[in-house]
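Below: the structure, in structure tokens.
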Amino acid sequence: MPHSIRTGRCSRRSLLAGLGAAGAVAPFVPLLDSHATSNGFPTRLLTLFSGGGTYYPQWAPQGSEHDFTLSPILEPLTPYQDHLVILGHVRIQGSGSPGDGHQKGTGMLWTGSSLVDVGDDVLWGGGISVDQHIAQTIGTDTRFPSLECAIQPNVGGSAAVGGPSVWSRTIYAGSAQPIVPEVDPIALFDRVFSDVGSGDGQLDEIRARRRSVLDAVHHQLDAVAARYGTEDQHKLQAHLDSIRALELRNEAAVADCSIPSVGNAIDPDANENFPALSRMFIDQIVQAFACDLTRVASLQWARSVANTRFEWLGHDQGHHEISHLDLNKGYNRDKVIEINRWFATELAYLIEQLAAIPEGDGTMLDNTLIVWGNELGNGPSHKTRDVPFVLAGGAGGRLTTGRWLDFPDELRHHRLLVSICHALGLEDQATFGDADSGSGGVPGLT
């Protein structure tokens with residue numbers, strides 16, 4: 001698995017200061033940019049949301065950090081266990097924030113900020129979400145800084161919470177600025193892939209853009225080379241060698257980019273289409289990554305307080321209703337386990353698609369960070385403790401996978417948000433969100 005490269009005495013900061021305008025081309029030159037991988041491919045982030053909590057005893061793996069067995073809920077991920085990091089006993093710290101557990105968990109999940117009341121008891125998340133914060137750095141050189149997708153976020157809720165609300169939005173551009181997700185995969189396809197193709201299409205634009213910035217950095221490096229001594233000359237030559245490797249790889253870098261097949265249009269609000277919508281969005285997100293059309297994406301599996309009926313699992317009750325049943329009764333507990341296991345199966349499919357696309361000596365999975373979260377730990381109690389978090393992918397070598405990290409004394413989820421920033425190259429991030437009372441990331445995660 002590739003690892004980040006640091007440049008010794010000839011630091012990245014001093015080198016960029018000497019290069020001046022070359023800083024603008026950093027996203028394409030990994031040795032000059034902490035946000036790219038050491039093999040020249042971009043690092044990507046995908047956040048996933050499913051709601052209603054889980055049944056922790058059947059979610060938590062058994063064993064030690066490096067020697068563990070996946071639980072019945074996470075068992076579908078067994079083929080990819082070596083690509084996972086599972087975090088136990090994580091808490092979304094919501095004290096001081098208005099709202100109930102569902103509201104605080106949903107609005108704070110990716111923002112780390114207390115909810116704000118904008119009037120008439122309408123609550124929204126109180127800060128930018130971590131994906132949008134990262135997109136401001138790594139999304140500036142792609143056609144779409146980020147893509148937001150959601151399956152039926154405005155339908156399937158109880159009558160009291162139907163329509164857009166804090167229960168139905170997880171991604172924020174800023175305080176009380178929820179981003180409206182795309183709910184129709186056909187509309188997403190038309191927006192993202194309609195003009196992707198050969199000739200004058202988007203693929204040639206990607207190659208041309210990379211070629212132009214590589215030419216520019218060549219000239220900048222040549223101009224600054226005379227300012228450095230012998231030792232640093234060797235380092236500069238290493239940069240030039242890496243650029244040459246990128247030039248040779250430029251055509252191949254998007255060779256696996258293809259227009260996904262989305263099939264026929266389907267009703268995005270129909271309950272029975274939920275599984276098909278999940279696969280349609282996953283396939284498009286993977287290809288958008290492969291085409292370097294975006295490096296940041298989110299997928300929301302329904303809303304919090306959703307009453308999606310998992311009829312394909314034999315359920316005739318809505319998810320929210322099931323999540324609040326007495327879990328001490330086995331037949332209720334089994335339904336919660338089956339629903340969360342289904343989400344794990346969808347994550348396994350996503351991992352499989354990323355792992356099937358080669359990049360350098362590895363795959364797209366090695367250069368991607370997936371974070372799957374929930375707004376609750378336990379549905380009946382509305383508690384935001386023991387919230388399930390699963391990470392997948394290598395983040396370009398910044399994440400050591402194949403681990404079960406349990407924190408019996410509780411891990412505040414702000415530490416995870418900071419670590420997500422670190423994994424995507426924002427190494428100076430110390431806190432995230434206005435409710436963060438600590439500092440630093442998850443110990444030993446990145």
Side-chain angles (χ1 to χ4, degrees), residues 46-54 90-118 121-133 148-183 298-308 318-324 336 339-340 343 371-390 412-414 416-417 420 432-436:
L46 174 56
T47 61
L48 304 172
F49 168 82
S50 63
T54 189
V90 183
R91 179 179 183 180
I92 297 177
Q93 180 62 36
S95 59
S97 173
D100 65 17
H102 284 294
Q103 293 170 316
K104 288 188 286 191
T106 306
M108 296 185 69
L109 176 62
W110 305 128
T111 69
S113 295
S114 300
L115 306 190
V116 294
D117 190 334
V118 296
D121 294 324
V122 175
L123 300 175
W124 288 117
I128 191 171
S129 53
V130 67
D131 61 301
Q132 295 302 296
H133 175 68
E148 294 75 40
C149 309
I151 303 172
Q152 301 172 1
N154 304 321
V155 298
S158 66
V161 297
S165 66
V166 70
W167 288 279
S168 62
R169 301 288 183 261
T170 60
I171 305 302
Y172 287 81
S175 179
Q177 298 178 55
I179 295 178
V180 179
E182 181 55 69
V183 300
S298 58
L299 176 58
Q300 184 179 329
W301 283 306
R303 58 185 296 138
S304 173
V305 197
N307 265 320
T308 307
H319 183 193
H320 181 237
E321 181 183 356
I322 289 173
S323 71
H324 285 287
V336 172
I339 289 172
N340 283 277
F343 287 124
V371 187
W372 173 27
N374 200 301
E375 95 277 26
L376 294 178
N378 179 271
S381 69
H382 277 194
K383 287 184 178 179
T384 56
R385 288 178 162 165
D386 294 339
V387 177
F389 283 98
V390 177
R412 302 292 176 88
H413 100 291
H414 293 93
L416 172 58
L417 298 180
I420 293 172
F432 196 88
D434 66 14
D436 190 354

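The first residue of the sequence shown is numbered 1, and numbering continues consecutively from there. Owing to the predicted nature of the structure, the values given are computational and were not obtained by experimental measurement.
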I'd like to check [X] versus [Y] (side-chain heavy atoms, cut-off strictly below 4.5 Å). Are they in contact?
X	Y	value
Val371	Leu48	no
His102	His382	yes
Ser113	Met108	no
Pro181	Arg169	yes
Glu321	Asn307	yes
Thr47	Ile171	yes
Leu109	Glu375	no
Pro380	Asn378	yes

Minimum heavy-atom separation for [X] to [Y], with atom names?
X	Y	answer
Pro388	Gly377	CD-CA, 4.3 Å
Asp434	Ser114	OD1-N, 3.0 Å
Gly105	Ile92	O-CD1, 4.0 Å
Gly125	Tyr172	N-OH, 3.0 Å
Trp124	Val166	CZ3-N, 3.6 Å
Leu417	Phe432	CD1-CD2, 3.8 Å

Between Trp301 and Phe343, does a ring pair (Phe, Tyr, Trp, His ring centres under 6.0 Å) hold up when you go through it step by step? CA-CA 8 Å; Trp301 283 306; Phe343 287 124; 5.3 Å; yes
For the [atom1] atom of [X] and the [atom2] atom of [Y], what is their distance to the nearest 0.5 Å?
X	Y	atom1	atom2	value
Arg412	Gln93	CZ	CD	4.0 Å
Ser304	His320	OG	NE2	7.0 Å
Leu376	Thr106	CG	OG1	7.0 Å
Asp436	Thr111	CG	OG1	11.0 Å

Go through His324 and His319 one step at a time and tell me if the ring pair (Phe, Tyr, Trp, His ring centres under 6.0 Å) criterion holds. CA-CA 9 Å; His324 285 287; His319 183 193; 9.5 Å; no
Quick check against the 3.5 Å criterion: does [X] have a side-chain atom that pairs as donor or acceptor with the backbone of [Y]?
X	Y	value
Arg303	Pro153	yes
Ser168	Ser165	yes
Asp117	Leu123	no
Asp131	Trp110	no
Asn374	Gly53	yes

Asp386: partners by salt bridge (charged side-chain N to carboxylate O under 4.0 Å, His left out), with sequence neighbours left out: none
Taking atom types as modelled, find out whether Gln132 and Gln177 have a side-chain donor-acceptor pair closer than 3.5 angstrom. no
Do we see a donor-acceptor contact under 3.5 Å between the side chains of Ser298 and Gln300? no
Which residues pass the ring pair (Phe, Tyr, Trp, His ring centres under 6.0 Å) test with His414, sequence neighbours left out? none
Between Val183 and Ile151, does a side-chain contact (heavy atoms from CB on, under 4.5 Å) hold up when you go through it step by step? CA-CA 6 Å; Val183 300; Ile151 303 172; over 6 Å; no
Decide yes or no on side-chain contact (heavy atoms from CB on, under 4.5 Å) for Phe389 and Val90, but give the supporting numbers first. CA-CA 8 Å; Phe389 283 98; Val90 183; 3.6 Å; yes
Evaluation steps, side-chain contact (heavy atoms from CB on, under 4.5 Å), between Leu115 and Gln103: CA-CA 8 Å; Leu115 306 190; Gln103 293 170 316; 4.0 Å; yes
